[in-house]
4 protein chains.
Amino acid sequence: MNGKGENIEILHTRDRIVQSALRLFSRKGFRGTTIKDIAQEVGVTEGAIYRHFESKEELMEHITEKIAGEIDLLLTEEVLSKEGIKERVEALVESLACYAFNNPDSFRYMAVFHLLREEDEEEEEGRYLPGIKILHMLKEAYSRGEINVIPEVALSIVTGTISRLFEIKEMGLTEVSEEGLIDEMKRVILRSLGLAPDL
Amino acid sequence: MNGKGENIEILHTRDRIVQSALRLFSRKGFRGTTIKDIAQEVGVTEGAIYRHFESKEELMEHITEKIAGEIDLLLTEEVLSKEGIKERVEALVESLACYAFNNPDSFRYMAVFHLLREEDEEEEEGRYLPGIKILHMLKEAYSRGEINVIPEVALSIVTGTISRLFEIKEMGLTEVSEEGLIDEMKRVILRSLGLAPDL
Amino acid sequence: MNGKGENIEILHTRDRIVQSALRLFSRKGFRGTTIKDIAQEVGVTEGAIYRHFESKEELMEHITEKIAGEIDLLLTEEVLSKEGIKERVEALVESLACYAFNNPDSFRYMAVFHLLREEDEEEEEGRYLPGIKILHMLKEAYSRGEINVIPEVALSIVTGTISRLFEIKEMGLTEVSEEGLIDEMKRVILRSLGLAPDL
Amino acid sequence: MNGKGENIEILHTRDRIVQSALRLFSRKGFRGTTIKDIAQEVGVTEGAIYRHFESKEELMEHITEKIAGEIDLLLTEEVLSKEGIKERVEALVESLACYAFNNPDSFRYMAVFHLLREEDEEEEEGRYLPGIKILHMLKEAYSRGEINVIPEVALSIVTGTISRLFEIKEMGLTEVSEEGLIDEMKRVILRSLGLAPDL
DNA sequence: TATGAATGAGCTTTCATTCAT
DNA sequence: TATGAATGAAAGCTCATTCAT
């Protein structure tokens, strides 16, 4: 019982660390965020962070995996479960945009996390995880003749548009409602891929 | 002649600093790049940087202004000089994508430079300069009924797609030629905005 | 008890920093003293200083305020509490000279601290605090006809003599005892102000 | 003739260096003054200083010797040439105070120059040159019974008062004329030494 | 003589990390 | 588990000095 109580405490602190780190990393960058920043936001001292994560690096990797998992789940359950490329693209725009608007820190983090490490010169890794899966989906549709747009360009249209619109919204450059933006994106992206419903 | 020779020397070192800093800032971030990194790449000692720029900050501002100026020139001379929204969008995709492929460091820098500073928590500035100008152009076309896409979404489609495709190419995820990618983007983006030539 | 022990430790290091900084600043100047010098004398690394003081500047300001407070207390409690200008001057010489001989670092610091900053060209501030208070006292005595010496000159006689004698003693240029010097100063300064006991 | 012309040039620049360095050293300290500061004030570049002085150190030593020589000359010609201790003290106050008011940079420099070096920890040197000579004079007068004040205290009265009054005047804390201040000092210092003319 | 780019040592400061408590 | 003092490496920057021109 004692152990249980402690465990709950740990989880709480640990979660708050992750939440604060996510928020700060996504806004100020990995290097721009200090352990002290995180500790202060959580309300503990710097040393306490190291009870939960071995290093700042490990903390970041934890967050990266967490978000990658969420996005992956989204793709698997909300998008790839659908039949038909049109339905899949519609679901992709819908679910990814919703995810962005509801989890701005996570989306921002994912969008820039390859810019956050900046470790060694040109370190390229197996990142861009979600993109790869979508690219695969689009390549299949392309080879089956379901869309007539080069898959890499199709991928750019879908994810690039959502990312940029998210940024525009974050900057306060639009007053259109989230729903309005999502519907418009769906309509226009489908049209761009030759999947317009009204054709 | 003497003065000339000296001047050339000065410009050389200064220019090499700018070039290296641009390359490194755009790849490793502002904080991720050290003065030592830049100095080593240029082949001088750290102190020499400070003969040409008062601080790392000032060096960054110089680069930012330089690139903002280049993009602005591009928009003014290559895009806004055209008549008709279709011609303008075509020119925009063409010139921005070419700029990206020919000046990858500059484009990468511009795309991420608001992520590089990471100064104080949520510092928002008058950045995203090029976007504003394009948004203005699209809003006018929209109000005139020349396009039927919400301007913010239209902006996202155009600039988001180019940015994402640039990233995909940089990651080596496509083998399509630059020309092929640009033509495809032009075709698809025009279609998305209801400006398809074949309609 | 635990808390007590920790507290004592903290005070110790912090106090030792102040003590060493005071000693070094007063002898080698603000710029002439490095954080490394202080850290070495205290027996910690440079970074440790910054747990206790935000900057070298702040450390100096702390010391300045500490000493200004001590001198001010001295004036208020030992000098201004007395009645009669003769008694006050006697007490001033006595207490200031004793302070100098017993706290040579502090006195030296106070005597030169406006020379230690050397910030911007000719920055004049509200310094020389103790002097102002004494000048005020002398001006009152002068306007009441209790002394017949121009107050600014009287102030110079009193504080200038003590300062210079302190320096002479520090340089090892005299073998007279502290008591002997103080008594002689009292006698001669009183005579200079027309307050000689034998008149 | 050519050589002559050049020589004149050298002297000019060299003199201007000395003048600027004296001004800056006396106000901002040795460490607080950079070679660049001096060069800028003179209107040349940093390298040019090294045409005239081997190092910053040497420049300082030159200035120190120059001023020490001036003061020494003053003592020899204006003070020690007089007969009688009363006449000598009067001349000392007169000439030293005039020197201070007419050459504030030099006097300030001399007053603080042992604080400017701040080289190694407790470097004591054969400085305080003028003081030594005056002390000698006062010791003789004391042993002859011409004054009844301990020589070290007498020295402190004379030089300490002048120094402090100079500082007070520099701070703008008095509106009394220079002449008035000097006359008052003469009167009061003589009285303090038991040499009052009215006794 | 003078320039000014460059050096190199040293400075203040920051920060991830450790560790005794 | 948490604290917070301390470390140590590295950062940005300064500056006396040198040297090719």
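So that the names make sense, note that chain A is the first sequence line, chain B the second, and so on, each numbered from 1. What you see below is based on every heavy atom in this structure, not just the backbone, and it leaves out hydrogens, waters and symmetry mates.
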Taking D:Glu41 for its side chain and D:Asp37 for its backbone only, find out whether a donor-acceptor pair lies under 3.5 Å. no
In whole angstroms, how far is the P atom of F:dA10 from the NZ atom of B:Lys36? 8 Å
B:Asp37 CG to F:dA10 P: how many Å, rounded? 12 Å
Measure from the side chain of C:Arg51, starting at C-beta and using heavy atoms only, and say which of E:dA5, F:dA6, F:dT17 lies closest. F:dA6
Would C:Arg108 and C:Phe25 count as a side chain to side chain contact (heavy atoms under 4.5 Å, CB included) if you check the C-alpha gap in whole Å, the side-chain angles of each, and the deciding distance to 0.1 Å? CA-CA 9 Å; C:Arg108 201 184 310 111; C:Phe25 283 166; over 6 Å; no
Tell me: CZ of A:Arg16 to P of F:dA2, nearest whole Å? 9 Å
Let me know the distance between CZ of A:Arg31 and C1' of F:dG12, rounded to the nearest Å. 14 Å
Atom pair distance, as rounded to whole Å: CD1 in B:Ile49 and P in E:dG4: 20 Å
Between A:Ser26 (side chain only) and A:Arg23 (backbone N and O only), is there a donor and an acceptor less than 3.5 Å apart? yes
Has B:Ser55 got a side-chain N or O lying under 4.0 Å from the OP1 or OP2 atom of F:dG12? no
Rounding to an integer number of Å, can you tell me how far B:Glu58 CD sits from F:dG12 C1'? 14 Å
So, using ring-ring contact (aromatic ring centres under 6.0 Å, His included) as the criterion, who are the partners of B:Tyr50 when residues are at least two apart? none
In DNA chain F, consecutive runs of at least three Watson-Crick or G-U pairs below 3.5 Å, as range with range, amount to E:2-21 with F:2-21
note: C:Glu46, atom CD; E:dG10, atom P; distance rounded to Å ~ 12 Å
Return no unless some side-chain N or O of C:His52 is found under 4.0 Å from OP1 or OP2 of F:dG4. no
Heavy-atom nearest nucleotide on DNA chain E for D:Ala48 versus C:Thr33: which residue maps closer to 5'? D:Ala48
The side chain of A:Thr45 is closest to which nucleotide in this list: E:dG4, E:dT7, F:dG4? F:dG4
Sole candidate of A:Ile63, A:Val42, A:Leu22, A:Ile35 that passes side-chain contact (heavy atoms from CB on, under 4.5 Å) when paired with A:Ile17: A:Val42
Selected nucleotide, minimal atom distance to A:Tyr50 side chain, candidates F:dG12, F:dT7, E:dT17: E:dT17
Calculate the interatomic distance between C:Leu59 atom CG and E:dT12 atom P; express it in whole Å. 11 Å
Check every atom of F:dG12, E:dT3, F:dA6 against the side chain of B:Lys56 and return the nucleotide holding the closest atom. F:dG12
Should the heavy atoms of other residues, nucleotides or ligands under 6.0 Å from CD of D:Gln19 be counted, would the total exceed 12? no
So A:Thr34, base contact, sugar-phosphate only, or nothing? Heavy-atom distance under 4.0 Å. sugar-phosphate
Spell out, as yes or no, whether a donor-acceptor pair under 3.5 Å connects the side chain of D:Lys56 to the backbone of D:Phe30. yes
With the side chain of D:Ile35 defined as its heavy atoms from C-beta on, choose the nearest nucleotide among E:dA5, F:dA16, E:dT3. F:dA16
